[in-house]
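Written out below as C-alpha cells is the structure these notes cover.
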Amino acid sequence: MSKFNSEKVLPRYLFLAVVLTIIGVAVIAKATITMTVKKGYWETVASKMTSDSDSVRPNRGNILSSDGQLLASSIPEYKIFMDYQAGSKEDTAWTHKRDSIWYADLDSLCNGLSKIFPDWTPEQFKKRLEEGKRKIMRNGSVGARHWAVWPKRISYNTFCEVQELPFFNMPANKGGFHAEKFEARRRPFGSLAERTIGDIRSFEGGKDTARFGIELSYDSILRGKYGIEHKEKVLNKKVSFTVKPPVDGADVVTTIDVGMQDLAEQAVIEGLKKWNASMGVAILMEVKTGDVKAIVNMRRGEDGEYHERFNDAISYRCEPGSVFKVASFLVALDDGVVDTSYVINTGCGVMKMHGANMKDHNWHHGGYGPINVARALEVSSNIGVSYVIDKYYGHNPRKYVEGLYRVGIGQDLKLPIVGYLPPNIRMPDTKTTNRSLYWSKTTLPWMSIGYETQIAPINTVTFYNAIANNGRMMRPRFVKRFMKDGQVVLETQPEVIKEQIAKPQTIKTMQTVLRHVVSQGLGKKAGSHSFQVSGKTGTAQVAKAGGYKSGTVEYWLSFCGYFPSDDPRYTCIVCIKKMGLPASGGLMSGGIFHNISEGVMAKKLKLRVEDARDSLSVLVPDVKAGNAEAATYVLGKLGINASKMSLSDRKTEAHKMPDVKGMGARDAVYQLERMGVKVKLHGTGWVKRQDIAPGTILKPGMLCTLELN
C-alpha cells in the first residue's frame, strides 16, 4: 500500500477550493447585478411571458315544463369596462396615438352610448369616461384599469351594439375596452310557479347561488362541472388551451303543466281579491302518478297585489280544520268501531266535552239533532266527529294517533324541495317541558276536528289523493326526468308511499261520503254541472297574538277534493287565509276549486259538436229544389227528419220556368227535364245564368240554355 504524499495532494485540494470560491463569488455577483442593475429588464421579460389557469364556467341546465316548455334558462349578460393603461408601456408611440384617437372619437362615442342607454346624456357619459382616465392608481400610474362604463348589466345584443362604437371597436389590448360575462337566469313565463321553480342570485365575478325551489334542490345537476383553461402570455398575445373541458348541467323536466299552472294562479288571485284575503294556496295533483301539475303560493304585498314570496304549499304548517275530519272518521271506520249508519245525537249544536263547549257551526240555529256518521261529514258537524273519536278512543288516545299515521295523514313525504316541513301530530304521554304540547282531556276531541295539529297543504292533498286512488298513496312528484343534449339520462318513476292506507271497503265508503258532501252537503259550491266532484270543506280559526278572544282572529279556509268522482284524474286543495267574517271554506275555497276544476276539465274533455249548438237556433240546412229522393237521403244521414221540411214546397208553380240559378248542373237538369224542358249546358259547375227567365210560361219542346261557372 502506497504512502500518502502530502506534498502532492494538498496543493491540488487548495487549487480546487480556490476555483470553487471564485465560481461562488461570480454567481453571487451575477445574482446581485440581476436583482439591482438589470431588475427592470427582467421584470419586462416576465410581464411578456406569463402563464395562469382559469376555471371555465359550464352552461347551466334548463328547467322545463311537463310538455317541454321553457320555465327557466340562462342567458349571457355583460358589464362593460375601460382599461386606460392597455398596451405596452414601452410602446410610447402607440400610447400617444391612442390618446389622439380617444379625444378625436370621444364625442361620437358618448353620443352613441347615449343612444343605446337613453337614461344618460352624452355629457354624463363624457364626464364618466374622463373621470376614469384621470384616476390616479395606488402605484402612481394615471388611468383606471377596470373602470365601469355603465353601472348595470346589459344583454348580448346591447353588448354587440356597444362594441361597434368608435374606439370601443379596437382590440382590448389596444383600446382597453373589455367586458365581464355573467349568466343571468330568466323565466319566460315570468312569476309563474316562481317559488317552485326557484331563482338564481348572481354576484360579481360571474358567481351565482341557487336560492330556493328546484333551482336549489337540484343545483348540483343543473350547475354542471367547471373546466380548467390554461393561458400563456407570449409577448403581447395570450394563447389559451383547455386542460379540462367543462361539463354542462343537465336539463330538469318538471311535472308542472303551464296551462294548468296559469289557470290555478288566476283562479286563486281572483278569489283572494274577491274575498279580501291575505294569503292563498292551491295544489293540483294527478291521481295515478302523484305528479304536481300546478302549485300556487300567493301572499298580499305592501302594494296590495299578490305575489309568490314563500312556498307555503309545502312549508306552511297550520291547524287544517275540518278537512282533517275525513282522516278521523277513516280511522274509526277502518278500525270498525262505527259505520256510516251510526247515529250521533248532536243536540242543539252545543255539547260539553271535558268542561269545554264543543259547538257546531249552526248552533245558533238549534243544531242538527240526531245524525249519522255520513251526515256528520256532509254537514261538517264538530260534535258528530269529536263525540265518536272521544267515545271510542278516549281510553286509548295513542291508538287513534297511530291510526292517523296508518292512514297517511301524518306521513313524512320526504319531498326533495328545500323548505318542506313534515306534519306535526303529537302523541299522548310524550314527555315535554313545553306546556303548549301537553296532552289534556280536551286534546283528543279537538284534534279530531283539525285543531292542535300542524299540517302543510301538501300533506292534506296527498292524503285525499290516496282516497281518490283507491287507497294507494303516491309521493308528490315534481320532476319527471333529467336530460342532456336532448337525451334522457334519468327517468324518475311514480313512487308509492303506502300501498293501502285503509281497507278497500273503507275507502269505497269514504269515497261515497265525499261525493255526497259536494252533492248534498256543505261543498256544493265546489261542484260542477258537467262532472261529479268529491271533497270536504274546512274552516279553522287561526289565533294571532292575544288569542282567539283578542279580536284578531283569522280564518284558514280550505276545500280539498278530487274530480271526476267516477274516474278520478286530479286531486286539488285550495286554502285561503282571511281576517274576520264572513268565512266559509265551502263558499270561498270551494268556489276557487270549482273554477280550477272546470278549467282543467274544459281543456281535457272532448265534447260532441251537438253540445256546442245554441238551444234557441234551428239547425236545418237550406235545401234547394232538386232531386228530393237524394236530398232526403242526405238529410237522413245528418239526423234531420226530411218529412217535416216539406221539400215539395220549394218547387215553383207548375207550367212555369223555375229559378235554377245557384243549383248544381245535375239538380238543375233533373228539375227542368221533369217539366218537359230540354236543357243545353255550357261550362261546368253551378248554374250562373239561364236564358229563359224564371216564371215564364212553359211550352212543349222549349230549349233552355244554362251557363255554368
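This is a predicted model, so every value here is computed, not measured.
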- Leu165/Phe177 under side chain to side chain contact (heavy atoms under 4.5 Å, CB included): CA gap, chis, key distance, verdict: CA-CA 11 Å; Leu165 295 176; Phe177 174 73; over 6 Å; no
- Item | Atom pair CD (Glu265) and CD1 (Ile596), whose distance is rounded to the nearest 0.5 Å | 10.5 Å
- Glu215 and Leu222, any side-chain heavy atoms less than 4.5 Å apart: yes
- Note on the structure: Which of Val296, Ile256, Asp262 passes side chain to side chain contact (heavy atoms under 4.5 Å, CB included) with Leu192? Answer is Asp262
- Task: Would you check if the side chain of Arg481 reaches a backbone N or O of Val489 as a donor-acceptor pair within less than 3.5 Å?
- Result: no
- With no hydrogens and no angle check, do the side chains of Glu180 and His146 hold a donor and an acceptor under 3.5 Å apart? yes
- Query: Just by modelled atom types, is the Thr492 backbone N or O under 3.5 Å from a matching donor or acceptor in the Arg477 side chain?
  - Reply: yes
- Query: Are side-chain heavy atoms of Val162 and Tyr78 found at a separation under 4.5 Å?
  - Reply: no
- Out of Asp105, Leu129, Thr121, which residue meets the side chain to side chain contact (heavy atoms under 4.5 Å, CB included) rule with Cys110? Leu129
- Task: Check the angle between the aromatic planes of Trp102 and Phe167 and answer parallel, tilted or perpendicular using the 30° and 60° thresholds.
- Result: perpendicular
- Message: Using 0.5 Å steps for rounding, measure from the CG atom of Asn62 to the CD atom of Gln69.
- Response: 13.5 Å
- Test item: Lys225 and Lys244 side chains (from C-beta on) under 4.5 Å apart, heavy atoms: no
- Query: Does the pair Trp556 and Glu319 meet the rule for a side chain to side chain contact (heavy atoms under 4.5 Å, CB included), with working shown?
  - Reply: CA-CA 8 Å; Trp556 182 252; Glu319 295 173 319; over 6 Å; no
- Short side-chain donor-acceptor distance under 3.5 Å, Asn311 and Asn297: yes
- Query: Does any N or O in the side chain of Arg145 come within less than 3.5 Å of the main-chain N or O of Met137, such that one atom is a donor and the other an acceptor?
  - Reply: no
- Return each pair, listed once, that meets side-chain hydrogen bond (donor to acceptor under 3.5 Å, both in side chains) where at least one residue sits in residues 267-278; pairs must be two or more places apart or across chains. Asn276-Arg300
- Message: Quick one, Gln261 and Phe189 - any side-chain contact, counting heavy atoms below 4.5 Å?
- Response: no
- Item | Side-chain heavy atoms of Asp119 within contact of Trp150, under 4.5 Å | yes
- Task: Determine yes or no for a side-chain-to-main-chain donor-acceptor pair under 3.5 angstrom, with Lys484 supplying the side chain and Asp248 the backbone.
- Result: yes
- Item | Separation between CD1 of Ile417 and OH of Tyr218, rounded to the nearest 0.5 Å | 5.5 Å
- Query: Do Val479 and Thr255 have side-chain heavy atoms sitting under 4.5 Å apart?
  - Reply: no
- Task: Go through the side-chain N and O atoms of Gln487 and Asp485 and say whether any donor and acceptor fall under 3.5 Å apart.
- Result: no
- Could you please spell out the steps behind the side chain to side chain contact (heavy atoms under 4.5 Å, CB included) verdict for Val292 and Thr254? CA-CA 9 Å; Val292 177; Thr254 69; over 6 Å; no
- Task: Using atom types as modelled and distance alone, determine if a side-chain donor or acceptor of Ser65 lies under 3.5 Å from a backbone N or O of Asp257.
- Result: no
- Any idea which heavy atoms bring Val268 and Ala282 closest together, and the distance? CG2-CB, 3.6 Å
- Task: Indicate the atoms forming the closest heavy-atom contact of Ile63 with Ile197, along with that distance.
- Result: CD1-O, 3.8 Å
- Message: Quick one, Ser191 and Glu308 - any side-chain contact, counting heavy atoms below 4.5 Å?
- Response: no
- Item | Glu491 CD: over 12 foreign heavy atoms closer than 6.0 Å | yes
- Distance (rounded to the nearest 0.5 Å) between Lys79 NZ and Arg153 CZ: 7.5 Å
- State, with a plain yes or no, whether a side-chain heavy atom of Gln163 is found less than 4.5 Å away from one of Phe168. no
- N/O donor-acceptor pair under 3.5 Å between Glu286 side chain and Asp291 backbone: no
- Task: For Lys578 and Gly580, indicate whether the former's side chain and the latter's backbone hold a donor-acceptor pair under 3.5 Å.
- Result: yes
- Can you see which heavy atom on Ala456 is nearest to which on Ser315, and at what distance? CB-N, 4.4 Å
- Query: Does any N or O in the side chain of Tyr420 come within less than 3.5 Å of the main-chain N or O of Leu413, such that one atom is a donor and the other an acceptor?
  - Reply: yes
- Query: What heavy-atom pair brings Ile573 and Pro457 nearest, and what distance separates the two atoms?
  - Reply: CD1-O, 4.0 Å
- Item | Pair Arg60 + Asp219, salt bridge at N-O below 4.0 Å | yes
- Message: Looking at Asp199 and Arg211, is any side-chain nitrogen of the basic one under 4.0 Å from a carboxylate oxygen of the acidic one?
- Response: yes
- Note: Cys575 and Ser558 closest approach over all heavy atoms is SG-CB, 3.7 Å
- Note on the structure: In short, Tyr570 meets Met260 closest at the heavy-atom pair OH-CE, 3.3 Å
- Item | Pair Glu495-Met474, side chain to side chain contact (heavy atoms under 4.5 Å, CB included): steps then yes or no | CA-CA 6 Å; Glu495 185 178 353; Met474 308 299 298; 5.8 Å; no
- Can you tell me how far the OG1 atom of Thr289 sits from the CD atom of Gln493, to the nearest 0.5 Å? 11.0 Å
- Looking only at side chains, do Ser141 and Gln85 share a donor and an acceptor under 3.5 Å apart? yes
- Could you tell me whether Leu16 atom CG has more than 12 heavy atoms of other residues or ligands within 6.0 Å of it? yes
- With distance as the sole test, does Arg195 use its side chain to make a donor-acceptor pair with the main-chain N or O of Arg309 at under 3.5 Å? yes
- Item | Reported CD1-to-CZ distance for the pair Ile116 and Phe125, which is rounded to 0.5 angstrom | 8.5 Å
- Lys NZ or Arg CZ of Arg128 over Trp147 ring: under 6.0 Å, within 45°: yes
